[in-house]
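Just so you know, these numbers use all the heavy atoms, side chains as well, and skip hydrogens, waters and symmetry mates. Order of the sequence lines fixes the chain letters, A, B, ..., with proteins taken first and strands second; residue numbering starts at 1 for each chain.
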Amino acid sequence: MAIPFEFAYEKPATIADALHLLDKWGSNARILAGGTDLANELKQGFRVPELLVDIKGLDALEKIKVLDDALHIGALATFDMVRNSQPVRDHAYILYEAAGLVASSGVRNRATVVGNICSAVACMDSAAPLLVHDAVVHTASLEGEREVPVQDWFVDNRKTLVGEKEMVSHVSIPLPKIKYAGAYQKMMRYTGEDLAAANVGVLLMEDGACRVAFGSVGPIPRRSPEIESFLEKNGVNARNIEQAKEMIGGIISPITDVRATREYRMHMTKVMFVRAMHAAVERLEKQKR
Amino acid sequence: MMKKISFTLNGELRQVDVAPNEILLEVLRYRMGVKSPKCGCDTGDCGACTVILNGKAVRSCLIFAIEINGQEILTLEGLSKDGLTPLQKALMDRNAFQCGYCAPGMILSVTCLISGNPHPSEEEIKESIAGNLCRCTGYQPVIDAIRQITKKQ
């Protein structure tokens, strides 16, 4: 299908050039990285930009690195790069796990983590891992840089806090000084490529801290302070995990659509929460040994 | 607002004028005469439009042609320029495809897999073609053919 309208295209060679373009074109410009969401949005007429700013010439944004006790994921890091990154495996295993479940290898070779949280479609795979890791979104514009906690980043389905003249340079994941382990669960209609009908991320720390995030069961992915404080207060064990599971009904608000009914999403989110908790408990035990 | 791009297509340097809103799949098929990538879903789900871009299997229906300036594209036409690859022969020996619509994409996805991982596990094989939808074969003869050429001797 051809894209039914025209637009301009620029591929800046420096970040400064990119920011100047965004400053000039504002909301009429759209950043192009992997483009796997953007191409569909343009074909469907969901977005009608006048300029695409292709940032693939900005090599500095490609890197995944550990810097100042944080894991940095650059705006051009694809899910394939994340999946094959030893630092991600070592420090944010749950993101590694989620990256392997994104669509298909052909999409992962192109789609980026940062693009995923900028498209901000409710079923995105990277949100739950980033949420439980208290990740920070780093933006840049001619006016300067901003750091936005990923917990505040999502405003609505497909809406984020990114400013009109801003781009996201990278996300950073602060690395706890103590031992921790996470787990990601994704509900799909079949093995292989599919969007998440629901997803769950959990992260447990050796000091008893507990973080839980739910995705694709509401307009935006979200943490659950209710469950987190319940488990932190009462302890993470099989009985309390079962009790926490029953709280989920009051926390998430799934809808019925082509991928699943509201009831099925609700049921499976509970099942996946329990699976993720048990997997994380087991992984944390292994870490301690 | 046409822009001249040049890129390597199946080993040859080619040039073409494209508008920014032209999709790579359409430029390949209708402007460059390369017909092996197919349009199935047009949304990146089915894998029929798979091409290899700089060594990685990608969805040509989700790429703007203009992005390809200076890059390297390999399609089935280039892959079998000097005769069928062992993978293609193994697929033929088993009559692994019926209608063949998914075949180019499937072959390129697997080619990409085995170039970096010559002896993939069954799980890795299945994962590599999970995004190439086939509605004829049930996948088994395809997987058998891949296993035949990738098993450790």
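- The greatest number of non-hydrogen atom pairs below 4.5 Å with chain A, out of B:C112, B:S109, B:C61, is found for B:C61.
- Heavy atoms of B:T43 lying under 4.5 Å from chain A belong to its backbone as well as its side chain.
- Checking A:D125 against A:Y184 by side-chain atom types alone, a donor-acceptor pair falls below 3.5 Å.
- Under the 3.5 Å distance criterion, with hydrogens and angles disregarded, a donor-acceptor pair is assigned to the side chains of A:T139 and A:E166.
- For the pair B:E72 and B:K56, the salt-bridge criterion is not met [side-chain N within less than 4.0 Å of a carboxylate O].
- With no hydrogens or angles considered, no side-chain donor-acceptor pair links A:Q185 and A:N199 at under 3.5 Å.
- Classification of the A:H170-A:H72 ring pair by plane angle, with boundaries at 30° and 60°, yields parallel.
- Interface remark: B:K126 contributes no atoms to any contact with chain A (heavy atom separation under 4.5 Å).
- When heavy atoms are compared at a cutoff of 4.5 Å, A:D80 approaches chain B solely by way of its side chain, counted from C-beta outward.
- Heavy atoms of B:L53 lying under 4.5 Å from chain A belong exclusively to its side chain.
- Listed options B:V58, B:I66, B:I63 were ranked by heavy-atom pairs under 4.5 angstrom with chain A; first place goes to B:I66.
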